[in-house]
Amino acid sequence: MPDILLLPKSVSELIAAGEVVERPSSVVKELLENSIDAGATAVTLEIRRGGITYIRITDNGCGISRKNVPAAFLSHATSKVRTAQDLDSIYTLGFRGEALASIAAVSRTEMLTRVSGEEIGTRYVIEGSVEKLIDDAGCPTGTTIVVRDLFYNTPARMKFLKKDVSEANSVAGVVDRIALSHPDISFRFIREGKETLLTPGDGKLSNALRAVYGRDFAAGMIPVDYTLNQVRVWGFISKPVHSRGNRAMQTVFLNGRYVRSATVTAAAEEAYKRSIMVGRFPAFVLNLEIPHESVDINVHPAKIEVRFSNEKAIFDAVYYAVRGAIEKLDTRPQMDLGARRGTQAAVPVLPKAEQVSIRVPAAHEVSEEKGADIVSAENHTPQTANRRSSEGALPPSGFSVRMIVPDAPKRDAGAAVSSGISSPLRPCDLQTAVGEGAAQPLRQEAPPAASENPVAQPYRVIGEAFKTYILVERGSELLFIDKHAAHERMLYEKLKAAHGGEHAQLLLKPVSVTMSKEEYTAVLEGLDILRSAGFDVEDFGQGSVVVRSCPLDLSNEDIVPLFTEAAQYMMEHRHEVEPAKLDWLYHNVACRSAIKAGDQTNRYEMERFVSRLLADDSIRYCPHGRPVLIRLSRGEIEKQFGRE
């Protein structure tokens, strides 16, 4: 270990505001980070009374030589920074040289440490910044620090501490995050004499994730690994069906350090757009690896907030990594009635995170690589991409998702036309999701072989339930199709692929729309966006516009309310980027054009609609994020009748 030296004043003044020990979790965070910097592969933490009366951290790192032990407890004394230039590229979690000094000032601290070259270790005791003892000690290589009676000499801070349980939960949160940030280190957490966490330290994030959050949570995650412009994004993200009501399960690490970043959060949530419901949030554990010189971590006392030299590069890398993983690895949800009754099912092993090769598209397109592994839920062995795996685990929501990594959707313009539906769901004379003359989709790949096409498997359309759900028998499963959600997604994808204008219809009678002056101004500023979405709009003066053409699937009675909503949206989101505005228009046009729940659908229309839906496995969610299809296995049905 390098010698611990007192920083010159010229360097210490460049470091952000000093570390303040506010609660036991602050102490645990700093000491665990020191253990990681020391090269430890196994760390044990024990706390009592939430860490207020007792904290002990033991590691097998490099240790501290006796001559450096007293210096380690001096303010601005560190072995990790020497010059001002070192602050531009920090490779360690700690660097300010303040943690031990701050901890020792408000507690009774004892250290046992030994380096590999010394035969005898060192015991050092310091209380309230006053050195009490330095002596020989028998101890293994590494360091053990015991912190007792936190804030014993500062009652003003003591009274602001919360209940022991709350403080212990805060410590547990710190341990969870650090364990996830370093899956190559085995962490053991003992809370009030009971072991509550033990990670394997085998370097696999999936195993650390399972140890920290449990196997049910881990079973609902899919791997991410993608590199763009020297920014590597890897980790796990939740499947859209496992979205949550808050952002509590969103964790970001930057070069192994836990951080909070609005840029990363916004990029990840943008990638989930149109895959999860409004008001729901994804869960993720994402690691970002970027050049150290391109980020400044010296902007916050707790080193949680960071500043990037290129925010856009970070946003793009996270967005395309998450979006590519969703499109590549997410599968349609399967209904499992056993979960409703509390039955248990085997949980599949998470697939190893592999590189997701996607190219950066020109606009919002995301390409995907062909071929992938399938992870079996029964024997956990990789299989070929053309085989189906066994059924997966029961996530907490009551649905189970088969652990299948499907091939990239294979579509082309010809296939879209040949499988098109001539007004399959609307009684009015309109084109449908993929009508004749459809523009060429964004992703162009060879049509799937007969053995790979999901629709090649025989199926039978049973009928319609509640004028909302189409029931289909296929093999040993029963499919429930939400016709509005599925039709809405088809129309949405068609509008995006055609960029609106190629699927516009000229109105026999132009429609006049009157708006407020603010909305009117916003619409005039966004005429190009409206034209891209299929609307031919002209200024009629005095707060009015005339709509001469609209998207092909939109009926005349829907034009005025849709256009009014669009004007309000463009006014309220005037500074929003153009792709977001265009996406909103596609979404709302598709929602208004799709068949509604309760509309009658004849047999022929259902057959053609089901054929189109089952031929395209990429249609999984409506633009609102609701699933379009749910599978119920024959075994689950027979279980309800006692036939198992």
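Predicted model, so just to flag it, every value in this text is computed and none were measured.
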[X] [atom1] to [Y] [atom2] distance, which is reported to the nearest 0.5 Å:
X	Y	atom1	atom2	result
Asp59	Ile145	CG	CD1	8.0 Å
Phe284	Met221	CZ	CE	9.0 Å
Met111	Thr144	CE	OG1	9.5 Å
Leu198	Ile190	CG	CD1	9.5 Å
Asp149	Tyr54	CG	OH	12.0 Å
Thr196	Ile47	OG1	CD1	7.5 Å

Could you tell me if the side chain of [Y] sits less than 4.5 Å from the side chain of [X], heavy atoms only?
X	Y	result
Ser206	Phe236	yes
Tyr621	Pro240	yes
Thr109	Val146	no
Arg191	Asn169	yes
Thr113	Tyr124	no
Arg123	Ile134	no
Leu100	Leu31	yes
Ile185	Thr41	no

Does [X] have any salt bridge (charged side-chain N to carboxylate O under 4.0 Å, His left out) partners at least two apart in sequence or in another chain, and if so, which?
X	value
Glu118	none
Asp176	none
Arg48	Glu46

Side-chain donor or acceptor of [X] paired with backbone N/O of [Y] under 3.5 Å:
X	Y	answer
Ser238	Ser243	no
Arg620	Pro627	no
Thr199	Ala179	no
Asp225	Trp234	no
Ser261	Val264	yes

* **Residue pair Glu127, Tyr152: steps toward the side-chain hydrogen bond (donor to acceptor under 3.5 Å, both in side chains) verdict** => CA-CA 10 Å; Glu127 297 180 3; Tyr152 79 98; 4.8 Å; no
* To do: Give the C-alpha distance, both sets of side-chain angles, the deciding distance and a yes or no for side chain to side chain contact (heavy atoms under 4.5 Å, CB included) between Val233 and Asn287.
  => CA-CA 6 Å; Val233 181; Asn287 291 270; over 6 Å; no
* Go through the side-chain N and O atoms of Arg108 and Asn153 and say whether any donor and acceptor fall under 3.5 Å apart. =>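 No, Asn153 and Arg108 have no side-chain donor paired with an acceptor closer than 3.5 Å.
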* Asked: Among side-chain atoms of Thr122 and Arg66, is any donor-acceptor pair under 3.5 angstrom?
  ->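 Yes, a side-chain donor-acceptor pair sits under 3.5 Å.
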Taking all non-hydrogen atoms of both residues into account, name the closest pair between [X] and [Y] and its distance.
X	Y	value
His182	Gly256	CE1-O, 3.1 Å
Ala137	Ile120	O-CG2, 3.6 Å
Ala313	Val231	O-CG2, 4.5 Å
Ala101	Ser129	O-OG, 4.4 Å
Arg323	Ser275	NH1-OG, 3.3 Å
Pro24	Ile55	O-CD1, 4.1 Å

* Asked: So Ile326 and Tyr272, side chain to side chain contact (heavy atoms under 4.5 Å, CB included) or not? Walk me through it.
  -> CA-CA 8 Å; Ile326 293 173; Tyr272 274 88; 3.7 Å; yes
* **Pro140: side-chain contact (heavy atoms from CB on, under 4.5 Å) partners, not counting sequence neighbours** =>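 Per chain and number, Pro140 pairs via side-chain contact (heavy atoms from CB on, under 4.5 Å) with no residue.
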* To do: For Arg247, check side-chain contact (heavy atoms from CB on, under 4.5 Å) against everything at least two apart and list the hits.
  =>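 So Arg247 forms a side-chain contact (heavy atoms from CB on, under 4.5 Å) with Gln250, Thr265, Glu269, Phe281.
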[X] bridged to [Y] by N-O distance under 4.0 Å:
X	Y	result
Arg148	Glu110	yes
Lys29	Glu33	yes
Asp184	Lys204	no

* Among Lys162, Arg49, Arg23, whose side-chain hydrogen bond (donor to acceptor under 3.5 Å, both in side chains) with Glu167 holds? ->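 Of Lys162, Arg49, Arg23, side-chain hydrogen bond (donor to acceptor under 3.5 Å, both in side chains) with Glu167 is met by Arg23 alone.
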* To do: Applying side chain to side chain contact (heavy atoms under 4.5 Å, CB included), run through Val318 and Glu270 and close with a yes or a no.
  => CA-CA 10 Å; Val318 174; Glu270 182 69 20; over 6 Å; no
* Any residue meeting side chain to side chain donor-acceptor pair (under 3.5 Å) with Glu311, in chain and number order, not counting sequence neighbours ->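 Expected list: Thr263.
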* **side chain to side chain contact (heavy atoms under 4.5 Å, CB included) evaluation trace for Val43 with Arg188** => CA-CA 6 Å; Val43 181; Arg188 184 185 181 208; over 6 Å; no
* Let me know which of Val174, Val252, Thr251 forms a side-chain contact (heavy atoms from CB on, under 4.5 Å) with Tyr258. =>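 Per the side-chain contact (heavy atoms from CB on, under 4.5 Å) rule, the option paired with Tyr258 is Thr251, out of Val174, Val252, Thr251.
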* Thr58 and Arg56: CA distance, side-chain angles, deciding distance, side-chain hydrogen bond (donor to acceptor under 3.5 Å, both in side chains) verdict -> CA-CA 7 Å; Thr58 301; Arg56 178 177 61 86; 3.1 Å; yes
